[in-house]
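Input: a single structure, listed below in structure tokens.
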Amino acid sequence: MDHFQIKDGVLHAEDVPLPLIADEVGTPVYVYSRATLERHARVFTEGLRDVPSKLIAFAVKSNPNLAVLKVLQGQDFGADVVSGGELMRALAAGMTPDKIVFSGVGKTRKELALGLEKQIGQFNIESREEGSELAELAAARGEQANACLRINPDVDAKTHEKISTGKAENKFGIPLVHAREAFAELAALDGLNLRGVAVHIGSQLQDLEPLETAFAKLGALVADLRAAGHNITHVDLGGGLGVPYKTGENPPSPAEYGAMVARATKDWGVHLTFEPGRVIAGNAGILLTRVVRVKRGGNGPPFVIVDAAMNDLARPALYGAWHDFDAVAPTGERMTANIVGPICETGDTFARDRECDAVQSGDLAVFRTAGAYGATMASSYNSRGFVAEVLVDGDKYAVVADRIAAAAIMDAERVPEWLA
Ligand code: LLP
């Protein structure tokens, strides 16, 4: 359920009509709904009510906007960060360091040091090499870093190959077969408080079965590690729960996910961390765009050319992802169209042969379910500038990220004297 609904014939974000935002902020613009973010946070938390000891750490990569992080901080969420930049954002949004988990396969020495300096709650270590580097840095400070070892369980998440992370051939984590040995080696280091294991097998999962398989493997590993004398108090189960992008898609609900987790982990006796991203932010945002013109005359359906492009919303171009396309003021008429952006490559196509609301030049429309992995993946390709972001709360709204004009980006560039 989200708060982007038609009222009096016009699509609203909560109580704000989208044409108002388009007029005042311009298009393309991402629009987030605070009520939807909070609802998703609550539903996810309630789904985990049978998990006694837990931290829900929002995957910042899915939507790092400071205002969005602030809303989730208000819901008692922590943050899963994968870079120094994300770490600084989580802190700037008021998240307490103990609720910050640092994941990521390539944390630099500088980023590890930053995590230590900021006294974050946990590092998820992805290799022996990273573990010893962290141990060395922590020991030099006279400290022990709290850490979990990320395991690669070799489970097929059955999602898009580019967002699948738990197969043996993926770059993430320590292969399960080497986990015991690596754990023992790292647990012996002075600078580490290696207290558990972590897993994340992929994103936009449509089925709980791969997750349950991975968790079962992890449970067996926890038992083995304990038998070997290790003190295991923490397990991080990652993120991955999918959301419906189109009608008919029916991914598992947070309640079903929570029930499975409670079942799978009931004998573990550990503190659990969760790292949801998409399921919290996905349907809490739309990308509002204006139709530049409708171009007819090709072999197939007309091209609806919108002012948003692959630089603003990369998912269709990158993963062939589907985003519903709806008119802001639908007339009831329908059309079949190719929906494209203005960028000069065919990849800049949002949808082919899509049956959708009929739109014409100047009309406003939205791409739905754009709150996760939307603005955060934007670029300035074709010198288009960076898209703006707005947060709605009831009948008020605020620009929470300015549009960065192409001119401002150009201002950061120099022509060296020897070329002038
Ligand atoms: N934890 C870790 C370690 C992750 O790598 C990710 C996502 C998450 C948590 C959050 O997963 P979620 O709950 O959002 O599924 N750009 C792609 C998605 C990439 C996901 C990367 N990792 C997309 O637009 O579909």
Side-chain angles (χ1 to χ4, degrees), residues 30 37 40-41 43-44 47-48 55-64 68 72 77-83 86-87 90 100-107 122-126 130 148-153 157-167 170-174 197-208 210-211 214 235-245 249 251-252 254 257-258 261 272-285 287 310 312-323 350 367 369-379:
Y30 279 91
L37 284 166
H40 291 171
V43 168
F44 193 83
L48 292 170
L55 167 68
I56 305 178
F58 177 62
V60 172
K61 66 169 78 68
S62 66
N63 190 326
V68 168
L72 294 173
F77 273 36
D80 163 50
V81 303
V82 294
S83 69
E86 288 191 354
L87 173 53
I100 298 179
V101 177
F102 204 155
S103 303
V105 72
K107 302 175 205 74
Q122 178 170 304
F123 293 84
N124 287 344
I125 294 170
E126 298 238 3
E130 182 194 344
C148 278
L149 188 60
R150 180 166 176 182
I151 307 299
N152 184 325
K158 297 190 200 127
T159 184
H160 192 280
E161 59 160 335
K162 288 189 189 166
I163 55 175
S164 181
T165 51
K167 289 278 287 163
N170 300 138
K171 66 183 172 182
F172 300 98
I174 305 250
V197 287
V199 73
H200 171 79
I201 61 170
S203 194
Q204 183 53 8
L205 270 63
Q206 295 292 319
D207 190 352
L208 291 178
L211 284 170
V235 174
D236 186 329
L237 296 180
L241 199 55
V243 299
Y245 279 94
E249 272 179 358
Y257 171 79
V261 167
L272 289 178
T273 300
F274 299 89
E275 302 171 351
R278 191 186 318 259
V279 71
I280 305 298
N283 278 310
L287 174 58
M310 64 188 284
D312 305 304
L313 176 63
R315 303 193 67 257
L318 263 182
Y319 318 115
W322 176 292
H323 288 266
F350 292 108
F367 292 103
T369 319
Y373 307 109
T376 182
M377 291 171 67
S379 76

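When reading the values below, keep in mind they use all heavy atoms of this one structure, side chains included, and skip hydrogens, waters and symmetry mates. For ligands, and for the atoms within them, numbers begin at 1 and follow the listed sequence.
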For ligand 1, find each of its N or O atoms that sits under 3.5 Å from a protein N or O atom, and tabulate the pairs with distances to one decimal place.
unit_1, atom_1, unit_2, atom_2, d
ligand 1, 1 (N), Asp80, OD2, 3.3
ligand 1, 1 (N), Glu275, OE1, 2.6
ligand 1, 5 (O), Lys61, NZ, 3.3
ligand 1, 13 (O), Gly240, N, 2.9
ligand 1, 13 (O), Gly277, N, 2.9
ligand 1, 14 (O), Arg278, N, 2.8
ligand 1, 14 (O), Tyr373, OH, 2.7
ligand 1, 15 (O), Ser203, OG, 2.4
ligand 1, 15 (O), Gly240, N, 3.3
ligand 1, 16 (N), Tyr319, OH, 2.8
ligand 1, 24 (O), Arg315, NE, 2.6
ligand 1, 25 (O), Arg278, NH1, 3.2
ligand 1, 25 (O), Arg278, NH2, 2.9
ligand 1, 25 (O), Arg315, NE, 3.3
ligand 1, 25 (O), Arg315, NH2, 3.0

| task | Looking only at non-hydrogen atoms, find the nearest pair between Asn170 and Ser164 and report the distance. | result | OD1-O, 3.4 Å

| Of all residues at least two apart in sequence or in a different chain, which pass the side-chain hydrogen bond (donor to acceptor under 3.5 Å, both in side chains) check with Ser203? | Arg278

| remark: Closest non-hydrogen contact found for Lys162 with Leu318 is NZ-O, 3.2 Å

| said: Tell me every residue that passes salt bridge (charged side-chain N to carboxylate O under 4.0 Å, His left out) with Glu130, counting only those two or more places apart in sequence or in another chain. | reply: Lys107

| note | Given the options Glu275, Arg150, His200, Asn124 meets side-chain hydrogen bond (donor to acceptor under 3.5 Å, both in side chains) only with Glu275

| remark: salt bridge (Lys or Arg N to Asp or Glu O under 4.0 Å) pairs touching residues 369-379, sequence neighbours excluded, are none

